[in-house]
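Throughout, a chain's letter reflects where its sequence line sits, starting with A, and its residues are numbered from 1. As a basis for the values below, the full set of heavy atoms in this structure was taken, side chains included, without hydrogen atoms, waters or symmetry mates.
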Amino acid sequence: MNHKHELDNPYIPSLVTIEDINTENEVNDLKTFKLIFNESADKEKFYENFKPGQFAEITEFGIGESPIGIASSPTEEDYLLFTIKKTGKVTNRLHDSKQGKTIGIRGPFGNGWPLKEAEGKNLVIIGGGFAFTTLRSLIVYLLHGNNREKFGDITIVYGCRNPGEFCYKKDLEEWGKREDINLNLTIDREHPDWKKLVGFVPTITKEVAPSPKDALAFVCGPPIMIKYTSPVLQELGFKDEQIFLSLEMRMKCGIGKCGRCNVGSKFVCIDGPVFSQAELKELLRD
Amino acid sequence: MVKKKKKKKDKQEKQENQNNQKNQDNPKDQQHSIEKIIPKDKLDTFIKGLYKDFKLIVPKEAENEIEFDYLDPENEEYQFPEYQNLRVSPKKFLFPQKEVLYSFEKEGTGIKIKEKEEKIEDQVIFGIRNCDARSYKILDTFFSSGKYSDPYYFSKRNKTLLIGLACNEPMTTCFCTSVGGAPFSSEGLDAILYDLGDKYVFKIISEKGSAFSKYIGEYPDVKKADLKKKEEMAKKTRDKIKFDLNLDNIEKDLDGLFESDIWSKVSRRCLSCGACSYICPTCHCFDVQDKSDKHGGKRVRIWDNCQASIFTLEASGHNPRNSGKERTRQRIYHKFNYYLKNYKILGCVGCGRCIKVCPTNRDIRETLKAVVETAEKA
């Protein structure tokens with residue numbers, strides 16, 4: 001079989017093996033899958049264009065395919081991480097999987113977070129619930145090796161309903177110890193075991209966000225969080241060009257062909273998923 | 001190789017304004033222009049010649065209608081059946097309603113992917129109307145756009161030539177002249193036949209179409225009188241299309257009407273059945289589904305339809321296009337605004353099939369008229 005040709009067809013998945021599965025939350029509907037490429041050529045091809053903020057299409061053979069944000073950073077070179085909520089046919093089957101199973105992957109797709117633009121700037125990274133996945137990829141990337149010095153102050157706001165819902169607890173613990181980032185974890189309501197911040201993401205953002213001067217905001221969360229966080233950032237003086245949001249739409253192909261993930265004239269899969277607030281204002285949104 | 005050439009051509013076309021594209025032969029292709037007369041009783045001989053090198057897809061009498069199908073000239077004599085245009089466009093020959101993307105076999109806990117092995121022979125779609133030829137131009141542009149070209153579409157497209165039959169009798173639902181086409185236009189075709197009543201004029205249009213010159217060498221050259229008759233017929237036929245709407249500003253018009261209440265009005269009778277998009281020669285949205293048993297399975301893509309609520313229904317239950325209003329709006333904006341923004345062409349060829357097929361008699365021309373009139377008033 002001509003392997004090169006296989007890689008050139010964007011509809012054909014590469015094979016990966018589930019090496020590890022980690023349950024992230026108390027409710028047990030979020031699992032992080034650690035995936036290893038079966039073929040090194042496929043891996044190289046994947047990492048050629050891989051940036052934080054992108055997504056991939058995960059295949060359960062015979063069941064279907066789902067677009068999932070990539071939770072690992074390109075700097076984590078040995079494996080890919082995907083945190084997946086048990087929601088539909090594909091994700092249910094994934095949740096029932098055991099280590100060693102072969103699944104498929106296509107990607108990476110989409111534009112990712114605007115890293116070039118972020119260099120030299122102060123960053124406020126705002127996430128809610130399990131939408132934190134591609135923000136994890138971003139933060140791991142920013143803190144890797146010499147990358148940290150390319151960016152200004154880094155402020156993180158990560159909110160969940162209750163303490164049991166936070167993903168990546170090990171990472172959070174590590175980031176909490178670092179002096180070169182300002183990590184703010186918050187839950188919606190008081191909880192007996194919780195000694196950190198309490199309050200909704202927009203409220204905490206208002207308290208901890210940096211000055212808008214030379215700053216960018218990266219936001220990913222449920223629609224309700226975005227709805228109330230954007231006005232807070234604007235109140236703080238962030239312009240539309242300084243606010244970046246990661247969008248989701250139902251999608252199939254991931255390569256701009258199946259036709260359903262458009263927001264106005266743009267496709268979330270190829271023109272996004274990350275858009276600036278300024279770009280979004282130009283689009284005709286359903 | 002062909003694809004590379006095509007991409008370059010697309011780029012040039014993208015730079016042209018949609019208005020410049022209107023129904024003229026491509027000047028670049030003029031040097032290939034060869035015009036011959038094919039007597040009506042020689043059409044079958046001509047076709048048998050083509051068949052030596054090409055599979056032929058032609059309009060054929062089927063049970064209740066005329067449809068595009070493969071011809072077997074060894075066992076049947078061919079003359080064009082009588083048709084204005086066919087109910088179903090030949091879209092499916094390049095973009096099938098169901099298409100296997102790949103298959104796989106289960107091997108223990110592992111998987112073996114088997115790429116689709118397709119032997120595609122050179123083929124000619126024969127007797128295609130200008131509107132349907134232009135629909136392939138739209139599909140060419142779309143499927144080659146961006147970073148990813150669609151390998152399944154182009155594996156067939158690159159092997160396909162189009163010989164048109166100019167349209168002498170447009171239907172009452174036709175509106176190609178409002179969207180840049182014309183009954184006698186050769187745009188998008190590799191060669192064209194004009195039916196002058198007692199004979200055909202055969203003209204080679206594109207560089208690819210010059211491959212046909214070897215089958216027509218023996219036929220007489222076209223005479224001045226024939227060309228004159230052709231021009232007269234072109235005009236006469238064009239005048240038969242009564243609907244005439246200037247869509248030069250449609251992109252801008254729609255830019256200002258996204259929140260207008262016309263979308264509630266024009267979508268009121270819509271049943272969200274999607275017949276309009278399944279029958280449309282330019283609609284290209286698809287769903288992807290897996291089929292499997294215990295040994296393996298396959299991944300298939302299937303025509304999909306933006307008028308169905310499930311098209312954009314997300315796993316969370318959220319649906320950005322939840323009602324007929326948003327979905328009708330999406331269909332019109334996709335073809336008459338987003339296409340212009342992204343590719344500088346319209347996404348509609350004015351074949352009128354959606355008008356004929358709508359169970360509640362909705363008419364895209366009425367919608368477009370409402371858009372233009374509302375924009376004028378605003």
Q | chain A contact via B/E326 - side chain, backbone, both or neither, heavy atoms under 4.5 Å | A | both

Q: Can you tell which part of B/L257 gets under 4.5 Å to a heavy atom of chain A, answering side chain, backbone, both or neither?
A: neither

Q | Geometric cation-pi criterion, A/R260 with B/F286: 6.0 Å, 45° | A | no

**Q.** Straight-line distance of A/F267 CZ to B/S145 OG, nearest 0.5 Å
**A.** 7.5 Å

Q: Please examine the side chains of B/P320 and A/R285, heavy atoms only from C-beta on, and report whether any two atoms are closer than 4.5 Å.
A: no

Q) Is it the case that more than 12 heavy atoms not belonging to A/E241 sit under 6.0 Å from its CD atom? A) yes

(Q) Between B/Y333 and chain A, with a heavy-atom cut-off of 4.5 Å, which part of the residue counts as in contact: side chain, backbone, both or neither? (A) side chain

Q. Given a strict heavy-atom distance threshold of 4.5 Å, which part of A/L284 is in contact with chain B: side chain, backbone, both, or neither?
A. both

**Q.** B/K147 side chain near A/I270 side chain, heavy-atom distance below 4.5 Å
**A.** no

Q: Could you pull out the closest heavy-atom pair between B/K341 and A/S265, with the gap in Å?
A: CD-OG, 3.7 Å

Q: Working to the nearest 0.5 Å, report the span between CD1 of B/I113 and CD1 of A/I12.
A: 6.5 Å

Q) Sequence neighbours excluded, which residues qualify as ring pair (Phe, Tyr, Trp, His ring centres under 6.0 Å) partners of A/Y79? A) none

**Q.** Sub-4.5 Å side-chain heavy-atom contact between B/P151 and A/P10
**A.** yes

(Q) Quick check on B/F142 against chain A: is it the side chain, the backbone, both or neither that has a heavy atom closer than 4.5 Å? (A) both

(Q) Looking only at heavy atoms and a cut-off of under 4.5 Å, which of A/T91, A/I63, A/T87 has the most pairs with chain B? (A) A/I63

Q: Side chain from CB out, backbone as N, CA, C, O: work out which of these in A/C261 comes under 4.5 Å of a heavy atom of chain B, or both, or neither.
A: neither

Q) So which residues of residues 47-60 of chain A are in contact with chain B at a heavy-atom cut-off of under 4.5 Å? A) A/T59, A/E60

Q: Among the options B/R299, B/K291, B/H284, B/K116, pick out the one with the most heavy-atom pairs lying under 4.5 Å from chain A.
A: B/R299

Q. Which members of residues 271-280 of chain A, sorted by number, sit under 4.5 angstrom from chain B on a heavy-atom basis?
A. none

Q: Applying side-chain contact (heavy atoms from CB on, under 4.5 Å) between A/R250 and each of B/E314, B/R321, B/H318, report the one that passes.
A: B/E314

Q: Check whether more than 12 heavy atoms from other residues, nucleotides or ligands sit under 6.0 Å from atom CD1 of A/I36, and answer yes or no.
A: yes

Q) Which one, A/K101, A/K257, A/K252, leads in non-hydrogen pairs under 4.5 Å with chain B? A) A/K257

Q) Quick check: are there more than 12 heavy atoms from other residues, nucleotides or ligands sitting under 6.0 Å from NZ of B/K156? A) yes

Q.
Quick check on the interface: out of A/G259, A/G256, A/G88, A/G264, who has the most heavy-atom pairs with chain B under 4.5 Å?
A. A/G264

Q | Atom CZ of B/R362 with >12 non-hydrogen neighbours under 6.0 angstrom | A | yes

(Q) Just verifying a value: how many Å separate B/I111 CD1 and A/I103 CD1, rounded to the nearest 0.5 Å? (A) 10.5 Å

Q | Side chain, backbone, both or neither of A/N262 within contact of chain B (heavy atoms, under 4.5 Å) | A | both

Q. Quick one: which of B/Y152, B/Y148, B/Y102 gives a ring pair (Phe, Tyr, Trp, His ring centres under 6.0 Å) with A/Y11?
A. B/Y152

Q: State whether the side chain of B/D290 and the backbone N or O of A/E65 hold a donor-acceptor pair below 3.5 Å, judged by distance alone.
A: no

Q: Starting at SG of A/C258, measure out to CZ of B/F311 and round the result to the nearest 0.5 Å.
A: 6.5 Å

Q) Checking heavy atoms, do the side chain of B/D287, its backbone, both or neither come under 4.5 Å from chain A? A) both

(Q) Test of understanding: with ring pair (Phe, Tyr, Trp, His ring centres under 6.0 Å), list the residues that count as partners of B/F336, not counting sequence neighbours. (A) none

**Q.** chain A contact via B/F143 - side chain, backbone, both or neither, heavy atoms under 4.5 Å
**A.** both

